[in-house]
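Here is the structure we will look at.
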Amino acid sequence: MSTVVLDNVSKIYPGGHLAIDRMSLSADKGEFLVLLGPSGCGKSTLLRMIAGLEEVTSGDLWLGGALANDLAPRDRDVAMVFQNGALYPHRTVRGNISFPLEVAKIAPETVRERVTQLSKALRIGETLERRPGTLSGGQRQRVAMGRAIVRQPSLFLMDEPLSNLDAGMRTELRMEISSLVRSLGVTTVYVTHDQVEALTLADRIAIINRGVLQDVGTPTQVYNDPATAFTAAFLSSQQLNLLAATVRAPQNRFILLDFGPHQITIPWSDPRAYAISQYVGHQIIVGLRPDCLAPVPETFDGPVFLGRVRALEYHGHEWLAHVESGIPTVTVPEPPAPDRHAGDPAASASGGRVMTALRRLFPGIGPAPDPEPEPEPEQAGGTHRRADLIVRVGSRPVWRAGERVRVGVDAGRLMLFAPDGSRIDPPQR
Ligand code: ADP
């Protein structure tokens with residue numbers, strides 16, 4: 001089983017298009033790594049570079065501990081599965097699966113036995129003598145998987161293998177791929193734009209936008225503790241609320257996130273308070289999933305946004321409300337490039353704020369502070385609009401359209417991003 005290491009790898013296509021921008025990423029032995037991102041972000045380019053089908057423009061690619069930039073595809077011991085299966089139409093299912101073994105001149109009895117066994121595991125045993133044209137989409141992808149697996153490569157590369165299938169078949173084959181690949185223990189790099197596929201299949205997910213690595217971690221890490229606003233938004237099944245808030249520190253008593261018509265206080269005892277305090281006087285982006293917001297009664301003593309229900313949406317298992325609250329929202333900012341470390345307040349704000357924050361923790365250090373002026377806030381990244389809050393109402397529509405409502409905020413699950421979309425309080429990895 002191979003390891004894959006990309007060290008500062010870039011890909012520039014002829015014509016000058018930068019498809020991959022200084023990416024460093026690795027897959028351990030036996031790991032199932034998913035490359036996730038929107039169409040055109042560079043996932044397939046990355047996979048094709050690992051396969052040897054695209055040249056690496058700069059940086060190093062290591063496979064199984066050996067530098068592989070110039071290694072021919074056939075010497076990489078990788079097997080690839082594509083979106084469309086790409087089977088030989090004039091060969092039977094058996095002929096398709098056995099092809100790599102025939103090329104490798106394996107004894108016919110061994111080939112027969114291995115193909116028969118594998119076809120049973122893939123539940124296509126009864127189709128062995130049929131041609132691909134007579135198979136369903138799901139069966140064709142099983143054959144493609146069989147052909148990839150049969151010669152026991154050290155690395156599987158899968159490029160959206162389920163995206164041409166209907167929803168039911170996708171779910172079924174997804175589970176089978178997961179158990180098959182895990183039982184074989186082969187290192188796998190799997191490309192998809194589907195966040196559910198990524199979350200359910202991966203040991204770790206690498207999220208990519210415009211050729212830039214946004215985040216990498218286990219499914220729970222990247223979902224619950226995303227490194228960038230892009231990651232948080234891309235992994236949200238419901239639209240993520242991205243709200244613009246100005247950070248204030250009234251008389252240094254606590255941190256105030258000022259959303260305009262509404263505020264949330266963060267006490268100094270909160271582990272995130274110091275990181276947020278670097279942005280006093282500046283605008284940041286607060287991410288809130290719809291399930292961090294909920295209808296609450298008058299007696300609720302936590303943070304609350306007030307608003308008016310504009311519409312209710314039925315999603316089968318739950319209701320979502322669109323609530324007018326007057327809070328400005330922002331769109332996802334452009335991805336931070338590898339050398340632009342956002343979240344580094346020294347890069348984006350006056351060094352004086354760092355000193356102010358230090359003094360708050362260690363009173364008496366440095367020269368006496370001036371009374372704290374609160375500069376006019378800068379605009380957080382992305383486009384500002386006054387869109388609705390999306391609120392998870394629950395399994396019953398307890399609100400009505402037009403009603404004035406109280407929206408409770410789960411302040412422990414606020415996601416805090418700098419204006420460029422990087423995390424303010426560092427994610428745990
Ligand atoms: P994804 O797999 O995430 O959809 P791709 O890796 O296919 O993205 O493409 C990344 C970017 O590189 C896209 O903008 C695409 O148009 C561009 N691209 C892909 N292949 C080529 C090529 N052969 N020549 C020039 N540009 C390409």
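Whatever order the structure lists them in is the order used to number ligands and atoms, beginning at 1.
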For this session: Give me the ring orientation class for Phe230 and Phe234: parallel if the planes are under 30° apart, tilted from 30 to 60°, perpendicular past 60°.
Result: parallel
Problem set entry | Nearest heavy-atom neighbours spanning Trp62 and Asp7 | NE1-CB, 4.5 Å
Exercise. What part of Pro38, side chain from CB on, backbone N/CA/C/O, both or neither, has a heavy atom under 4.0 Å from ligand 1?
Worked result: backbone
For this session: Answer yes if a protein heavy atom lies under 4.0 Å from atom 22 (C) of ligand 1, otherwise answer no.
Result: yes
Exercise. Between Arg182 and Asp203, is the closest basic N to carboxylate O distance under 4.0 Å?
Worked result: yes
For this session: Assess Arg147 against Tyr88: is NZ or CZ under 6.0 Å from the centre of the six-membered ring, and within 45 degrees of the ring's axis?
Result: yes
Exercise. Which residue pairs satisfy the salt bridge (Lys or Arg N to Asp or Glu O under 4.0 Å) criterion with at least one member in residues 273-286, sequence neighbours excluded?
Worked result: none
Exercise. Does Val398 reach the side chain of Trp319, with side-chain heavy atoms less than 4.5 Å apart?
Worked result: no
Seminar exercise, completed: Among non-hydrogen protein atoms, atom 17 (C) of ligand 1 lies closest to His17 CD2, 3.7 Å
For this session: Could you check atom 9 (O) of ligand 1 against the protein and tell me its nearest heavy-atom contact, residue, atom and distance included?
Result: Thr45 OG1, 3.8 Å
Exercise. Does Ala19 reach ligand 1 with a nitrogen or oxygen that is under 3.5 Å from one of the ligand's nitrogen or oxygen atoms?
Worked result: no
Seminar exercise, completed: among protein heavy atoms, the one nearest atom 26 (N) of ligand 1 is Tyr13 CD1, 3.4 Å
Seminar exercise, completed: In this structure, atom 2 (O) of ligand 1 is nearest to the protein heavy atom Ser44 OG, 2.7 Å
Problem set entry | Considering all heavy atoms, the nearest Ile255-Ala249 contact | CD1-CB, 4.4 Å
Exercise. Would you call Gly40 a ligand 1 contact, heavy-atom distance under 4.0 Å?
Worked result: yes
Exercise. Is the shortest N/O to N/O distance between Gly42 and ligand 1 below 3.5 Å?
Worked result: yes
